[in-house]
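Because the structure is predicted, anything quoted here is derived from the model rather than measured. Computed from heavy atoms alone, side chains included, the values below leave out hydrogens, waters and symmetry copies. Sequential numbering from 1 along the given sequence is applied to the chain's residues.
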Amino acid sequence: MTIKTLHHYHRIGLLLPSKISEAGYRLYGTKELERLQEILFYKELGFPLEQIRKILEHRSDRLSILSQQEELLVTRKQRMETIIQTLRKSIAYLKEGQEMDHKEMFKGFENEEEWNKALSEQNQHLQETYGMESLEVAPTDVQDMNEQAVEMVRSITDVMVFTFIRISPPCTLV
């Protein structure tokens with residue numbers, strides 16, 4: 001944690017020092033260090049500082065805050081483990097020269113947050129190249145997006161197979 005960050009947290013009212021010394025140093029006690037830990041857990045979960053401030057203002061029970069953070073982090077960990085498994089399966093299928101089951105390809109991208117992460121690079125390309133607005137997934141669109149992704153992969157695979165068959169040189173049997 002940098003001094004600049006601590007000063008910023010103080011400025012926005014997120015983390016106040018227990019007192020300020022005569023020399024102007026910010027002093028932090030156990031209570032402030034516990035709050036800093038809570039802030040860092042929320043930051044790890046991707047919460048913006050303003051939202052963290054609001055959450056911590058409305059909750060003073062450290063046990064409930066830590067329990068909620070644990071639950072959120074465990075959920076995130078499970079989601080990441082699923083994505084890692086999908087990635088490893090994709091690598092294995094690729095190394096073996098096999099086609100992966102289309103439904104398996106998108107495990108882990110089953111909710112709004114994961115789809116929006118997956119679309120972020122595409123959004124940047126659209127914005128830079130065409131000046132288009134970003135694509136976002138609404139919660140009701142997630143299942144539809146998963147089905148469309150599977151269908152798109154199926155179509156691409158069919159086109160690739162057709163193209164391969166069409167442009168392959170004729171085989172001769174010896």
Problem - Hphob cluster co-occupancy, Ile20 + Leu14, side-chain heavy atoms under 4.5 angstrom - result: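 Not linked; separate clusters.
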
Practice task
Is it possible for you to say whether Met105 and Leu87 belong to one hydrophobic cluster, with membership spreading through side-chain heavy-atom contacts below 4.5 Å?
Solution key: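 Not linked; separate clusters.
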
Find the distance between [atom1] ([X]) and [atom2] ([Y]) and round it off to the nearest 0.5 Å.
X	Y	atom1	atom2	result
Phe106	Asp101	CZ	CG	11.0 Å
Lys4	His8	NZ	NE2	10.0 Å
Leu36	Leu6	CG	CG	6.5 Å
Arg35	Leu16	CZ	CG	7.0 Å
Phe47	Leu56	CZ	CG	10.0 Å

Handout entry: Worked verdict on Lys31 versus Glu34 for salt bridge (Lys or Arg N to Asp or Glu O under 4.0 Å)
Key = CA-CA 5 Å; Lys31 182 180 173 187; Glu34 288 173 349; over 6 Å; no

Exercise for the section: For Ser18, enumerate each residue passing the side chain to side chain contact (heavy atoms under 4.5 Å, CB included) test, keeping only those at least two apart in sequence or located in another chain. Expected result: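 Ser18 satisfies side chain to side chain contact (heavy atoms under 4.5 Å, CB included) with Leu27, Glu32 only.
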
Can you give each donor-acceptor pair under 3.5 Å made by side-chain atoms of residues 89-96, sequence neighbours left out, with the distance rounded to 0.1 Å?
residue, atom, partner, partner atom, Å
Lys89, NZ, Glu104, OE1, 3.0
Ser90, OG, Thr86, O, 2.9

Problem - Leu49 vs Ile52 side-chain heavy atoms within contact, under 4.5 Å - result: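 In contact.
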
Handout entry: Heavy-atom closest contact (Arg79 atom, Gly108 atom, distance)
Key =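 Of all heavy-atom pairs spanning Arg79 and Gly108, the closest is CG-O, 4.1 Å.
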
May I have the list of side-chain donor-acceptor pairs in residues 37-45 shorter than 3.5 Å, sequence neighbours left out?
residue, atom, partner, partner atom, Å
Gln37, OE1, Arg62, NH2, 2.4
Glu38, OE2, Arg62, NH1, 2.8
Tyr42, OH, Gln68, OE1, 2.7
Lys43, NZ, Tyr9, OH, 3.4

